[in-house]
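Just below is one structure, and these are the notes that go with it.
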Amino acid sequence: MKKIISSPKAPAAIGPYSQAVQAGDILFLSGQLGIDPATNDFAPGGVQEQAKQAFTNIRAILDEAGYSIQDIVKATVFLADMNDFAKMNEIYAAQFESDFPARSAVAVKTLPKNGLVEIEVIAVPRLARH
């Protein structure tokens, strides 16, 4: 069973994809940029502000599907500049209470709309992991 998840509290998809797709208990979120859905612009500032906004968007989509940030089991972080890793990592670490998800972080040539960071996640409810 495949269910499409969409939250009005996160930016609308800017292409032919869904904000998230739930398959069984697994929730796959498309990459989230640091775009404020109210303005459709990047959060003002640098990579840290964009990372915070990306996580705000992730939380909105997780909430829409009935998941929480602690249900994330895998994250992939895309950076426009690997020199921003430490700044992004500070924001990333603050999102989780404990039991960090598995993660990859890579530098890419460019991100959509020339963003500085994009974060995609996979979530599984804690109850389903026992």
Side-chain angles (χ1 to χ4, degrees):
M1 158 181 108
K2 176 172 131 177
K3 179 179 179 185
I4 304 301
I5 306 295
S6 182
S7 171
K9 295 179 181 178
I14 56 174
Y17 62 90
S18 301
Q19 286 179 340
V21 175
Q22 185 177 2
D25 287 332
I26 304 172
L27 184 66
F28 299 88
L29 273 71
S30 293
Q32 294 299 305
L33 296 165
I35 294 175
D36 181 337
T39 64
N40 210 28
D41 290 325
F42 285 106
V47 70
Q48 288 188 310
E49 290 77 13
Q50 287 190 25
K52 286 178 189 175
Q53 183 63 52
F55 272 107
T56 297
N57 299 339
I58 287 167
R59 287 176 188 274
I61 298 166
L62 289 169
D63 185 57
E64 185 72 28
Y67 291 68
S68 79
I69 198 86
Q70 294 305 319
D71 293 325
I72 295 174
V73 296
K74 173 70 169 92
T76 304
V77 178
F78 303 94
L79 291 164
D81 184 348
M82 193 53 84
N83 290 319
D84 286 335
F85 180 85
K87 291 177 184 176
M88 174 283 302
N89 202 47
E90 183 179 324
I91 301 306
Y92 180 94
Q95 305 303 309
F96 302 95
E97 296 168 13
S98 63
D99 298 333
F100 293 103
R103 182 182 77 185
S104 302
V106 297
V108 296
K109 185 174 178 181
T110 55
L111 287 167
K113 295 186 155 195
N114 293 315
L116 301 176
V117 61
E118 181 175 5
I119 303 168
E120 69 177 28
V121 301
I122 299 170
V124 178
R126 282 180 270 177
L127 295 176
R129 289 186 260 158
H130 294 296

Check the hydrophobic clustering (I, L, V, M, F, W, Y; side-chain heavy atoms under 4.5 Å; chains of links allowed) and say if [X] and [Y] are grouped together.
X: Phe85; Y: Val117; value: yes
X: Met82; Y: Leu33; value: no
X: Leu79; Y: Ile35; value: no
X: Ile26; Y: Val73; value: yes

Under 3.5 Å, which donor-acceptor pairs do the side chains of residues 45-53 form with other protein atoms, sequence neighbours left out?
{"residue": "Gln48", "atom": "NE2", "partner": "Lys87", "partner atom": "O", "Å": "3.2"}
{"residue": "Glu49", "atom": "OE1", "partner": "Gly46", "partner atom": "N", "Å": "2.7"}
{"residue": "Gln50", "atom": "OE1", "partner": "Leu116", "partner atom": "N", "Å": "2.9"}
{"residue": "Gln53", "atom": "NE2", "partner": "Asn57", "partner atom": "OD1", "Å": "2.9"}

Exercise. Check for a donor-acceptor pair, side chain of Gln22 on one end and backbone N or O of Gly24 on the other, with a separation under 3.5 Å.
Key: yes
- request: Answer yes or no: is there a donor N or O on one side and an acceptor on the other, between the side chain of Asp36 and the main chain of Ala43, under 3.5 Å?
  value: no
Which heavy atom in [X] sits nearest to a heavy atom in [Y], and how many Å separate them?
X: Phe42; Y: Pro112; answer: CZ-O, 3.9 Å
X: Ile72; Y: Pro101; answer: O-CB, 3.4 Å
X: Leu29; Y: Glu120; answer: O-CB, 3.6 Å
X: Ile69; Y: Phe55; answer: CD1-CD2, 3.9 Å

Which pairs would a plain distance check flag for residues 88-96, meaning a side-chain donor or acceptor within less than 3.5 Å of a matching protein atom at least two apart in sequence or in another chain?
{"residue": "Asn89", "atom": "OD1", "partner": "Arg103", "partner atom": "NH1", "Å": "2.7"}
{"residue": "Asn89", "atom": "OD1", "partner": "Arg103", "partner atom": "NH2", "Å": "3.0"}
{"residue": "Gln95", "atom": "OE1", "partner": "Arg59", "partner atom": "NH2", "Å": "3.2"}
{"residue": "Gln95", "atom": "NE2", "partner": "Ile91", "partner atom": "O", "Å": "3.1"}

To the nearest 0.5 Å, atom CD of Glu97 lies from atom CD of Gln70 at 4.5 Å
Taking distance alone, no hydrogens or angles, what donor-acceptor pairs closer than 3.5 Å link side-chain atoms of residues 1-21 to residues at least two apart or in another chain?
{"residue": "Ser7", "atom": "OG", "partner": "Lys9", "partner atom": "N", "Å": "3.0"}
{"residue": "Tyr17", "atom": "OH", "partner": "Ile14", "partner atom": "N", "Å": "3.1"}
{"residue": "Gln19", "atom": "OE1", "partner": "Ser7", "partner atom": "N", "Å": "2.5"}
{"residue": "Gln19", "atom": "NE2", "partner": "Ser7", "partner atom": "O", "Å": "3.2"}
{"residue": "Gln19", "atom": "NE2", "partner": "Ala10", "partner atom": "O", "Å": "3.4"}
{"residue": "Gln19", "atom": "NE2", "partner": "Pro11", "partner atom": "O", "Å": "2.8"}

key: Heavy-atom check, side chain of Ile61 versus side chain of Gln32, under 4.5 Å   = yes
Exercise. Answer yes or no: is there a side-chain heavy-atom contact under 4.5 Å between Glu64 and Leu27?
Key: no
In sequence, state the C-alpha distance, the side-chain angles, and the governing distance for Ile58 and Ile119, and then conclude on side chain to side chain contact (heavy atoms under 4.5 Å, CB included). CA-CA 8 Å; Ile58 287 167; Ile119 303 168; 3.7 Å; yes
